[in-house]
Amino acid sequence: MFKTILLAYDGSEHADHALAAAAALTKAFDSDLHIISIPEPNMPPVVLAPYGAIIDVPPSDEQVAAAGAKVTEQAREKLAAAGVTLSDSHVRRGDPVSNILQVVDATDADLIVMGRRGLGALKSLALGSVSQSVTQQVKIPCMTII
Ligand code: ATP
Ligand code: MG
């Protein structure tokens with residue numbers, strides 16, 4: 001059971017709690033552990049009414065890859081401290097939910113571990129939009145860590 005675990009990691013405190021749980025499960029089940037991170041643009045929590053002249057410059061692929069590599073490296077170090085080695089890491093660009101679902105399929109994961117909340121600022125919500133959509137759509141067990 002739980003041959004391949006996928007940890008969804010956005011670098012948040014919640015994701016660190018998920019990382020600790022994924023590390024413990026990986027050891028307990030002798031699983032392969034994969035990590036996925038999809039760097040997101042630094043958006044204000046509330047989108048203000050648009051003003052006339054807005055330049056919206058998307059980050060380059062290199063910037064996205066560098067941000068993903070950095071957060072993945074941080075996770076790798078924390079996992080190493082817990083005595084766990086990653087089998088593979090996946091840095092993707094775009095919508096977090098569809099990318100997480102694609103990597104579940106690509107890795108044949110049989111458990112996903114993620115935080116209930118992440119980097120988002122609307123702290124009144126019990127679930128973030130990514131954890132909510134993934135738990136609704138994914139066809140494998142999904143553990144959401146507080
Ligand atoms: P929202 O993004 O809707 O404002 P939030 O950031 O508080 O809310 P989620 O984004 O749903 O909450 O995050 C819940 C968990 O989903 C995170 O702890 C992390 O495990 C995973 N996750 C969210 N976004 C990403 C991402 N971009 N890349 C990898 N994992 C992610
Ligand atoms: Mg989020």
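Note that ligands are numbered from 1 as they come in the structure, with each ligand's atoms numbered from 1 the same way.
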Polar side-chain atom of N99 near backbone of R93 as donor-acceptor pair, under 3.5 Å: yes
L119: hydrophobic cluster co-members (side-chain, 4.5 Å): none
Which side-chain N or O atoms in residues 133-146 pair as donor and acceptor under 3.5 Å with protein atoms at least two apart or in another chain?
residue: S133; atom: OG; partner: S129; partner atom: O; Å: 3.1
residue: T135; atom: OG1; partner: S131; partner atom: O; Å: 2.8
residue: T135; atom: OG1; partner: Q132; partner atom: O; Å: 2.9

Salt bridge (charged side-chain N to carboxylate O under 4.0 Å, His left out) partners of residues 15-28, not counting sequence neighbours, each pair once: D16-K78
Contact residues of ligand 1, where a non-hydrogen atom lies under 4.0 Å away: A8, Y9, D10, S12, H14, A15, I36, S37, I38, E40, P96, M114, G115, R116, R117, G118, L119, G120, G128, S129, V130, S131
Contact check, side chains of T26 and I5, non-hydrogen atoms, under 4.5 Å: yes
Main-chain N/O of F2 paired with S31 side-chain donor or acceptor, under 3.5 Å: yes
